[in-house]
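Just so you know, these numbers use all the heavy atoms, side chains as well, and skip hydrogens, waters and symmetry mates. To find a chain, count down the sequence lines: A is the first, B the second, and so on, and within it residues start at 1.
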Amino acid sequence: MLDINFIRENQALVEKSIREKGYQTDLSKLLELDQQRRKLLQKIDKLRQDRNEISAQMKNGKPDSDLVAKAKEIKAQLVKQEPALDAIEKELNDGLKQVPNIIFDDVPLGGEESNLEIRKWGELKAEGVDHLDYATKRNWVDFERGAKVAGSKFYYLKGELALLEQALIQYGIQKVMDHGFEFITVPDVVSTRILEGCGFNPRSSAQSDEYFVEGEDLALIATAEIPLTGYYMDEILNEKDLPVRFAGLSPCFRKEAGTYGKYTRGLFRVHQFNKLEMYVFCLPEESKKIHEQILEIEEEIAQDLELPYHIVSNAAGDLGAPAAKKYDLEFWSPISQKYRELTSCSNCTDFQARSLNIRVRREDGRVETLHTLNGTAIPLARTLMALIENHAEPDGKLKLPLVLRKYFNEENEL
RNA sequence: GGAAGCGUGGCCGAGUGGUUGAAGGCGCACGACUCGAAAUCGUGUAUGCAGCAAUGUAUCGGAGGUUCGAAUCCUCUCGCUUCCGCCA
């Protein structure tokens, strides 16, 4: 969430971001609540001060009936005022959750169609295979039985494709470790405070994309980003320990509600997939630089996997609430003759960190909210899809990128 | 799932209901001493909120309650530990 003081002082900027991201939050109501809150808080603090002063006069164990009466009178007022303050604070807090992060100046305005191409790499093939037909024919994937067991958009990976996923994981872990990330595993469920603190929709929301555990305050994670963010919840880190770079591997569960009309074939959009995710906690002044570094790693991986791609800077309307800026790396899909999202990386600035109360103690002793960033290292299902589309012969073998051959006894194809 | 115990500052650890935001120790920072270091000594060392500031206020897992006053008493709740049960 954003800081109410920041909103008060940068109202125009916040309003612009609300508009461009397509939100409908009413700031004037929040600012009004904030004013009420401060006014009432001052009143209550004064009452408490009076009460404390009276109590101090009685600390010798000889209660004075006059003082007790006075204190009781103050208490009666407090009992009346305090719930009012609680109510205002709750309403204010709920309202603050509806305010998306501000967007950086260089974010293109408009919707998805306004995504700005930054650069591209690789030669675009004119023809490719359909990954679902190809993988099904080779008995590498079984969506039918996945549906039988868990419903549509669940699947089994089999044979060499299942092994290829493991090879990609091994390759990916080594790659991110080479770039200074610590590999960690995460809980695959999180409490709802973490989920909402990361800017995801709560259980009550119709737009929620998460699976919730019945009878528990838990949700299945949609990405390792969520438990990785929660790792430092309510903690103050030391400046000298930043940046902290984690790479988390986890299954990702998504209901994919509201994706009607979107491209959903095969492994592109499924309810469960594995993903290796990069995550960084850093000083505010470093986040822009680190965002570019994360993007470079994503490009390095795509190049290692010999997947043609382009990079787009996402338009404001295509950003989630927490992101101030986001890049997508889209691989070239020869079969559909267009680019499709493979990975992305977002600079969430202090948005998630404020909600989850993650701060840094600077060398000079100041305490401030830090910045967080996330980026996909390898989305397994989509990467398998991209590899087949780009490296398989229609009725032949799947050619392996150089970096994966060592996992298959130096075979150059599967 | 059942039973018992425990939850205090970065850590350890005190705390008869009233100068306790909290003793003491460790750690850390700065200073003194030293050619330098160790040791020693001195000083400092939680966070939120309101306020231009002085300052005020809140916080001892969390939420309620009793009281003029709660870290201290009561209720509920969460977490951890141990034992039992179950199970990979």
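- Nearer the 5' end of RNA chain B, as judged by each residue's closest nucleotide, is the contact made by Val367(A), out of Val367(A) and Gln49(A).
- Here, rU67(B) and rG44(B) have their C1' atoms 37 Å apart, quoted to the whole Å.
- Among rU57(B), rC49(B), rC68(B), the nucleotide with an atom closest to any side-chain atom of Ser55(A) is rC68(B).
- Side chain to side chain, Tyr339(A) and Ser333(A) fail the donor-acceptor criterion of an N or O pair below 3.5 Å.
- Spacing between atom CZ of Arg193(A) and atom P of rG62(B) amounts to 12 Å, rounded to whole angstrom units.
- Contact annotation for Ile54(A): no contact, since no heavy-atom pair falls under 4.0 Å across all strands.
- Secondary structure note: stems in RNA chain B built from 3 or more consecutive Watson-Crick or G-U wobble pairs under 3.5 Å occupy B:1-7 with B:78-84, B:10-12 with B:24-26, B:27-32 with B:40-45, B:46-50 with B:55-59, B:61-65 with B:73-77.
- The CZ-C1' distance, from Phe6(A) to rC49(B), rounds to 20 Å in whole Å.
- When the P atom is compared between rG21(B) and rA3(B), the two are found 38 Å apart, to the nearest whole Å.
- Considering only the side chain of Arg51(A), rC68(B) comes nearest among rG48(B), rA50(B), rC68(B).
- Under the 30°/60° scheme for interplanar angles, the aromatic rings of Tyr232(A) and Phe281(A) are found to stand perpendicular.
- For rG56(B), the OP1/OP2 oxygens have no side-chain nitrogen or oxygen of Arg48(A) closer than 4.0 Å.
- Side-chain contact check for Glu144(A) and Tyr155(A): no donor-acceptor pair (N or O, by modelled atom type) lies under 3.5 Å.
- Checking rA50(B), rC68(B), rU57(B) against the side-chain heavy atoms of Lys75(A) singles out rC68(B) as nearest.
- Cation-pi check for Lys288(A) over Phe104(A) is met; the charged atom lies under 6.0 angstrom from the ring centroid and within 45 degrees of its normal.
- Phosphate contact (OP1/OP2 of rG10(B), side-chain N/O of Arg361(A), threshold under 4.0 Å): absent.
- Separating the NZ atom of Lys90(A) from the C1' atom of rC49(B) is a distance of 19 Å, rounded to the nearest angstrom.
- In the set rC68(B), rA50(B), rU57(B), the nucleotide with an atom closest to the side chain of Asn52(A) is rU57(B).
- Here the side chain of Arg359(A) is nearest to one of rU47(B), rC49(B), rG56(B), namely rU47(B).
- The distance from atom NZ of Lys43(A) to atom C1' of rA58(B) is 19 Å, rounded to the nearest whole Å.
- What separates CD of Glu89(A) from P of rA58(B) is a distance of 14 Å, to the nearest Å.
- Checked against Leu400(A) for a side-chain contact (heavy atoms from CB on, under 4.5 Å), the options His391(A), Glu306(A), Arg405(A) give a single hit: Arg405(A).
- The only option from Glu298(A), Glu330(A), Lys326(A) that meets the side-chain contact (heavy atoms from CB on, under 4.5 Å) definition with Ser344(A) turns out to be Lys326(A).
- Of the two residues near RNA chain B, Glu53(A) and Gly365(A), the one whose nearest nucleotide lies more 5' is Gly365(A).
- Atom CG in Asp241(A) sits roughly 15 Å away from atom P in rG10(B) (whole-Å rounding).
- When distances run from any side-chain atom of Gln42(A) to the nucleotides rG69(B), rG51(B), rU57(B), the shortest one goes to rG51(B).
- Across rG48(B), rG56(B), rC68(B), the shortest atom-to-atom separation from the side chain of Ala71(A) is found for rC68(B).
- The side chain of Asp45(A) has rG56(B) as its nearest neighbour among rC68(B), rA50(B), rG56(B).
- A heavy-atom distance below 4.5 Å is found between the side chains of Tyr211(A) and His271(A).
- Nucleotide rC49(B) holds its P atom 12 Å from the CG atom of Leu92(A), rounded to whole Å.
- Under a cutoff of 6.0 Å and an axis angle of 45°, Arg382(A) and Phe268(A) form a cation-pi pair.
- Here Ile236(A) lies in heavy-atom contact (under 4.0 Å) with sugar-phosphate atoms only.
- What separates CG of Leu85(A) from P of rU57(B) is a distance of 16 Å, to the nearest Å.
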